[in-house]
2 protein chains.
Amino acid sequence: MEKQTITIYDVAREANVSMATVSRVVNGNPNVKPATRKKVLEVIDRLDYRPNAVARGLASKKTTTVGVIIPDVSNIFFASLARGIDDVATMYKYNIILANSDGNDEKEINVLNNLLAKQVDGVIFMGHHITEAIRGEFSRSKTPVVLAGSIDPDDQVGSVNINYQEATKEATDLLAKNGNKKIAFVSGALLDPINGRERLAGYKAALKENGLKYSEGLVFESEYQYKAGIELSQRIINSGATAAYVVDDELATGIANGLIDSGVKIPEEFEVITSNNSLLTDVIRPGLTSVTQPLYDIGAVSMRLLTKLMNKEEIDEKSVILPHGIVKKGSTK
Amino acid sequence: MEKQTITIYDVAREANVSMATVSRVVNGNPNVKPATRKKVLEVIDRLDYRPNAVARGLASKKTTTVGVIIPDVSNIFFASLARGIDDVATMYKYNIILANSDGNDEKEINVLNNLLAKQVDGVIFMGHHITEAIRGEFSRSKTPVVLAGSIDPDDQVGSVNINYQEATKEATDLLAKNGNKKIAFVSGALLDPINGRERLAGYKAALKENGLKYSEGLVFESEYQYKAGIELSQRIINSGATAAYVVDDELATGIANGLIDSGVKIPEEFEVITSNNSLLTDVIRPGLTSVTQPLYDIGAVSMRLLTKLMNKEEIDEKSVILPHGIVKKGSTK
DNA sequence: GTGAAAGCGCTAACAG
DNA sequence: CTGTTAGCGCTTTCAC
């Protein structure tokens with residue numbers, strides 16, 4: 001004998017009112033006489049009634065749920081964004097459906113359609129690059145989308161980022177001003193717009209301003225992994241570079257430890273600047289000078305922007321740029 | 001003029017079949033003549049029909065969504081579990097609603113009720129301890145629950161863990177065998193069963209086996225933070241300990257760096273073993289010897305267990321224990 | 001301030 | 001193999 005789920009109808013009957021009235025008190029509609037409200041609340045409590053959000057979603061066409069597409073939650077960078085997203089979502093009474101994509105183009109599309117099928121009210125997308133296909137899906141649906149820490153070359157949807165170009169320029173400039181003539185640029189896939197378009201441009205701009213010439217031999221593409229950094233350190237030494245700007249902390253720690261193991265003194269003989277100022281940069285010795293980006297805030301602001309879009313509020317600016325900085329530690333002079 | 005959402009009914013009309021038939025092909029029911037299936041599929045494609053999962057959820061009383069309550073996704077430990085959970089969830093066609101609780105008792109209850117209102121088919125709970133209140137909510141609802149990396153003193157629900165007691169005993173034993181007479185036990189809140197019941201018991205057992213006496217002066221409670229570790233290192237030195245077992249990597253790196261900064265040589269003068277073998281233990285020099293626990297797998301197995309519970313399959317064992325290990329690095333002799 | 005009634009889009013017997 | 005018919009539990013006009 002299954003325990004019968006109790007519905008709004010049961011409450012209505014017990015309280016001698018209509019379903020409509022129960023619905024009103026549940027939703028805090030003011031048009032209810034205090035006395036009846038009290039009576040209804042009483043019955044709700046007595047029957048231990050719990051509103052069914054699915055039924056509500058079907059009737060109201062709103063699920064108070066947003067989809068979050070993320071390359072990998074177990075990556076500290078994205079996890080920080082996710083935390084910011086969830087906190088603001090909670091603040092506005094939304095839940096998030098979290099889906100990992102591994103940055104895989106096909107998975108991203110599958111996951112997006114899945115989320116749309118679940119009638120999410122909005123989507124936050126994180127990814128290294130935006131394919132034509134996914135952009136097509138975005139515009140095909142009326143569901144609002146915000147990119148968090150991700151760049152769409154022709155921005156049709158909302159987005160929140162720092163100015164990657166400027167940040168990289170400043171980091172490279174610091175290295176140049178310290179007297180380095182050969183500065184390595186160590187990045188992930190240059191196909192990703194943040195690396196290949198924004199950061200590389202900033203790097204080149206800084207070289208130019210400092211009268212240094214650009215050389216492809218100083219540009220390295222790599223996976224964002226500690227081990228990859230260890231291995232890469234040899235090639236960097238061989239390139240003749242005396243400093244490096246690295247786009248990822250894990251990679252940067254690998255490079256730094258690799259250099260140290262090879263007897264290279266940091267920062268005396270080689271300077272390093274990394275990009276995310278995560279805990280790794282403090283644990284390693286010497287500490288790594290780093291660009292700072294407000295990861296949590298990027299997530300939080302993305303979600304805030306999405307709430308506005310979902311409410312069809314007027315948006316002053318669809319592309320939000322948050323401030324960045326540089327914090328100096330032991331890996332630069 | 002709003003774009004009309006197209007429904008199963010539209011497809012039925014266009015294909016000259018009933019809703020039921022459309023529903024059958026959408027759900028892969030084999031009882032459909034190939035010819036009609038083809039016709040329906042064609043119309044679905046032409047009309048660009050997308051099934052509405054909310055309506056389906058209401059009608060079928062299944063949402064293919066599970067709730068995941070997590071203290072903090074931006075903590076690498078929990079993020080790893082979450083990744084394992086999501087991968088297996090995806091494998092079984094479920095989505096996860098992720099909700100951060102900050103380990104806060106009240107939030108946990110709110111979040112759980114919220115998830116239940118959304119009619120999730122199951123819940124995975126991660127938390128440092130299980131309060132009476134939340135346990136009450138668990139049993140009040142018929143929704144299956146699995147604890148991941150969390151211990152319920154009287155286990156009424158499913159759970160997946162390693163044997164924390166055994167692992168701690170082995171770690172402490174290693175330290176004792178290396179000749180240390182005063183071994184510190186550095187933990188988070190001892191109120192949490194994993195620390196206060198399992199790990200502490202393992203620590204005591206190892207001391208006993210090695211003829212060492214237990215002293216409260218060697219037991220430290222702390223936040224799981226790098227900075228806390230730095231500060232704690234002084235107190236540990238003062239305690240006269242020559243080795244420490246630490247329950248958290250971030251805390252352990254703080255302690256190790258704090259000791260090194262105070263001129264203590266690791267491992268010659270002080271040995272350290274930590275618990276999660278995260279990247280931090282490789283980045284710091286010397287590398288930290290660590291207990292290894294299969295974080296991703298704990299998440300994955302939890303979700304797998306939950307699918308069985310949701311399917312009402314027979315379970316051989318509700319409490320799953322996964323294997324652990326110890327990996328030696330530079331912080332022990 | 002309150003009620004009646006019509007759906008929201010889909011699944012699930014039950015017939016045939 | 002296919003169609004009919006009830007709902008699932010709630011929101012939302014529209015009356016009164």
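The chains referred to below are lettered A, B, ... by the order of the sequence lines, with proteins before strands, and numbering in each begins at 1.
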Kindly say whether the aromatic ring centers of F77(B) and Y224(B) come within a distance under 6.0 Å.
no

Which pair of heavy atoms, one from Y94(A) and one from D121(A), lies closest together, and at what distance?
CE2-OD2, 3.7 Å

Looking for any heavy atom pair under 4.0 Å, which part of the strands does N29(A) touch: base, sugar-phosphate only, or nothing?
nothing

Donor on one side chain, acceptor on other, R83(B) and S80(B), under 3.5 Å:
no

Can you pull every protein N or O that's under 3.5 Å from an N or O on nucleotides 6-10 of chain D?
{"from": "dC8(D)", "atom 1": "O3'", "to": "K61(B)", "atom 2": "NZ", "distance (Å)": "3.2"}
{"from": "dC8(D)", "atom 1": "O2", "to": "A59(B)", "atom 2": "N", "distance (Å)": "3.2"}
{"from": "dG9(D)", "atom 1": "OP1", "to": "T5(A)", "atom 2": "OG1", "distance (Å)": "3.0"}
{"from": "dG9(D)", "atom 1": "OP1", "to": "K61(B)", "atom 2": "NZ", "distance (Å)": "2.8"}
{"from": "dG9(D)", "atom 1": "N2", "to": "A55(A)", "atom 2": "O", "distance (Å)": "3.4"}
{"from": "dC10(D)", "atom 1": "OP1", "to": "Y49(A)", "atom 2": "OH", "distance (Å)": "2.4"}
{"from": "dC10(D)", "atom 1": "OP1", "to": "N52(A)", "atom 2": "N", "distance (Å)": "3.1"}
{"from": "dC10(D)", "atom 1": "OP2", "to": "I8(A)", "atom 2": "N", "distance (Å)": "2.5"}

Using a 4.5 Å cut-off on heavy atoms from C-beta on, say whether the side chain of Y92(A) contacts that of M303(A).
no

In whole angstrom, what separates K62(B)'s NZ from dA12(C)'s P?
7 Å

Side chain to side chain donor-acceptor pair (under 3.5 Å), that's the test. Do R50(B) and N113(A) meet it? Break it down for me.
CA-CA 9 Å; R50(B) 320 273 201 102; N113(A) 281 318; 3.1 Å; yes

Protein-nucleic acid N or O pairs under 3.5 Å, nucleotides 13-16 of chain D:
none

So, is T21(B) near the phosphate of dG3(D), with a side-chain N or O under 4.0 Å from OP1 or OP2?
yes

Verify, without hydrogens or angle tests, whether T90(A) (side chain) and V88(A) (backbone) share a donor-acceptor contact under 3.5 angstrom.
no

Has the side chain of N100(B) got a donor or acceptor atom that lies under 3.5 Å from a matching backbone atom of D102(B)?
no

Please work out if V26(A) contacts a base, only the sugar-phosphate, or nothing of the nucleic acid, heavy-atom cut-off 4.0 Å.
nothing

Any side-chain N or O of S18(A) less than 4.0 Å from the OP1 or OP2 oxygen of dT2(C)?
no

Go through the side-chain N and O atoms of K118(A) and T65(A) and say whether any donor and acceptor fall under 3.5 Å apart.
no

Kindly calculate the angle separating the two end axes of the helix from dG1(C)-dC16(D) to dG16(C)-dC1(D), each obtained from five base pairs, and round it to 10 degrees.
30°

salt_bridge(E42(A), K39(A)) N-O dist < 4.0 Å
no

Please check: side-chain N/O of S302(B) versus main-chain N/O of V146(B), any donor-acceptor pairing under 3.5 Å?
no

